[in-house]
> 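Before we start, here is the structure in question, set down as structure tokens.
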Number of protein chains: 2
Amino acid sequence: MQLTIVVNYICRMKKEEVHVDFENSIAPWLGKTAKVIEYHFQEKFNDANLDLTKEQMVVLKKLHYDDGLSQNDLAFLTLRNKSSLTRLLSKMEKKGYIIRQQSNVDKRVNKVFLTQKGRDTFVLVKPVVKEMMAKIEQNITDSEKKLIINMLKRIQSNFGPQVKSL
Amino acid sequence: MQLTIVVNYICRMKKEEVHVDFENSIAPWLGKTAKVIEYHFQEKFNDANLDLTKEQMVVLKKLHYDDGLSQNDLAFLTLRNKSSLTRLLSKMEKKGYIIRQQSNVDKRVNKVFLTQKGRDTFVLVKPVVKEMMAKIEQNITDSEKKLIINMLKRIQSNFGPQVKSL
DNA sequence: CTTTATTAGTTGCATATGCAACTAACTATA
DNA sequence: TATAGTTAGTTGCATATGCAACTAATAAAG
């Protein structure tokens, strides 16, 4: 009798496939929406003849508000692996948007600065970004906007403390 | 007098730098949240010893519900460039998750099918995904969940008609 | 029925990314 | 102070991705 129970249990285990309701879960919708937005962001940059990827734009933006950050901090703040940032910066340096400057306090550290071209480019980028933001939020009310941002922050908090937007 | 007006206007144009409020806009928060989630998704897969990227998981999932899709449809449904899908499938085929089968109706078309290994793997993937979904939504109420998904759908609709989740 | 246009899929090229291994430089400990 | 550990940044390797150019096959037009 005991054995029967165990066998039944095992059989049930094998049959009971875990069910995941993708259609009514946040993650897939979030992923898809982010993907759509990112795609159109890049498209807008290309249309505006900005020689810039969306990732490079984020770095430009961070430096605009916080010039002279170390690569380490910049990687952390933009949610990037430091190796990824290294190569992103190399491309941006080659294009003349930024320069690396070794710290004389700690020779391991590179401080990253915007060049004049970098600053000028960001000025051109801003209206494009603004337009995209408006398009994204065109049918979202202000209170809804507050709400969704609040929810997004809470979702992020489930994976550890985070602070600012990208 | 007329000239003065024009000159003043131009000066104002140059000074008035466009201001973008990143901190109170949806896009950056959405982007960041999606990035955090994607990172932890991949981490979970690795921890569970699933030899699978998150992108490959999405394809596996689509085929699970719609076996035999063409590469074209699969690319469209997963928001991928067809060239990107080609290479994604090549890797998945090499790993034995899927097979391509040329259509005999239209020899240009490859229909994509899950292999037994692909089906078995998806069974292992599901609980991991389910756990992640729960973690993401742990501090979001059901009505909030409905609300955020609705908003995400509306945001997507600003970039053309879309249907299902990823 | 032949020519032209379109479509499905592949490939070269460029970018972005995470991990692990590495170097150089700084910090802490014995 | 010498040795061990840590940290910042770089590089090799693997994956994913978009665009443009390409091939092969089908559809449309003459």
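By convention in this document, chain letters (A, B, ...) are assigned in the order of the sequence lines, proteins followed by strands, and residues within each chain are numbered from 1.
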> Tell me whether the side-chain N/O atoms of A/Thr53 come closer than 4.0 Å to OP1 or OP2 in C/dA16.
yes
> For B/Lys95 and B/Gln56, does a side-chain donor sit closer than 3.5 Å to a side-chain acceptor?
yes
> For A/Gln156 and B/Thr33, which heavy atoms make the closest approach, and how far apart are they?
NE2-OG1, 2.7 Å
> In this structure, which one of A/Ile26, A/Ile155, A/Asn158 forms a side chain to side chain contact (heavy atoms under 4.5 Å, CB included) with B/Glu137?
A/Ile26
> Would you mind reading off the distance between B/Asp73 atom CG and C/dT7 atom P, rounded to a whole angstrom?
14 Å
> Hey, is NZ on B/Lys146 packed in by over 12 heavy atoms from elsewhere, all under 6.0 Å?
no
> Table please: side-chain donor-acceptor pairs of residues 122-136 of chain B below 3.5 Å, with sequence neighbours left out.
unit_1   : atom_1 : unit_2  : atom_2 : d
B/Lys126 : NZ     : A/Glu17 : OE1    : 2.8
B/Lys126 : NZ     : A/Val18 : O      : 3.2
B/Lys130 : NZ     : A/His19 : O      : 2.7

> N/O contacts under 3.5 Å, protein versus nucleotides 2-5 of chain D?
none

> Can you name the side-chain contact (heavy atoms from CB on, under 4.5 Å) partners of A/Asp120, sequence neighbours left out?
A/Gln116
> Under a 3.5 Å threshold, yes or no: a donor from one side chain and an acceptor from the other, between A/Asn150 and A/Arg154?
yes
> For residues 123-132 of chain A, which residues have at least one heavy atom under 4.0 Å from DNA chain D?
none
> Of the residues in residues 86-99 of chain A, which ones touch DNA chain D at a heavy-atom distance under 4.0 Å?
A/Thr86, A/Arg87
> Can you work out whether A/Leu85 or A/Asn46 has the more 5'-proximal nearest nucleotide on DNA chain D?
A/Leu85
> Which nucleotide in the list D/dC19, D/dG9, C/dG18 gets nearest to the side chain of B/Tyr39?
C/dG18
> From D/dT10, D/dA8, D/dA16, pick the nucleotide closest to the side chain of A/Arg100?
D/dT10
> Does NZ or CZ of A/Lys117 lie under 6.0 Å from the centre of the six-membered ring of A/Tyr97, at an angle within 45° of the ring axis?
yes
> Distance-only, no hydrogens or angles: does the A/Arg87 side chain make a donor-acceptor pair with backbone N or O of A/Leu85 under 3.5 Å?
no
> Counting only heavy atoms not in B/Lys44, do more than 12 fall under 6.0 Å of its NZ?
no
> Would you kindly say whether A/Arg100 and A/Gln71 are connected by a side-chain donor-acceptor distance under 3.5 Å?
yes
> Tell me which residues in residues 102-114 of chain B lie within less than 4.0 Å of DNA chain D, going by non-hydrogen atoms.
B/Asp106, B/Lys107, B/Arg108
> Taking any heavy-atom pair under 4.0 Å as a contact, classify B/Asn81: base, sugar-phosphate, or nothing.
base
> Would you mind telling me which of D/dG9, C/dT10, D/dG18 lies closest to the side-chain atoms of A/Lys82?
D/dG9
> Which heavy atom of A/Asn139 sits nearest to which heavy atom of B/Ser157, and what is that distance?
ND2-OG, 3.7 Å
> Below the 4.0 Å mark, does D/dA16 have OP1 or OP2 next to a side-chain nitrogen or oxygen of B/Gln56?
yes
> Is A/Lys61 close enough and on-axis enough to B/Phe22, meaning under 6.0 Å and within 45°, for cation-pi?
yes
> Verify the distance criterion only: is there a donor paired with an acceptor across the side chains of B/Asn72 and B/Ser70 at less than 3.5 Å?
no
> Ignoring backbone atoms, test whether A/Arg80 places a side-chain nitrogen or oxygen under 4.0 Å from the OP1 or OP2 oxygen of C/dT15.
no
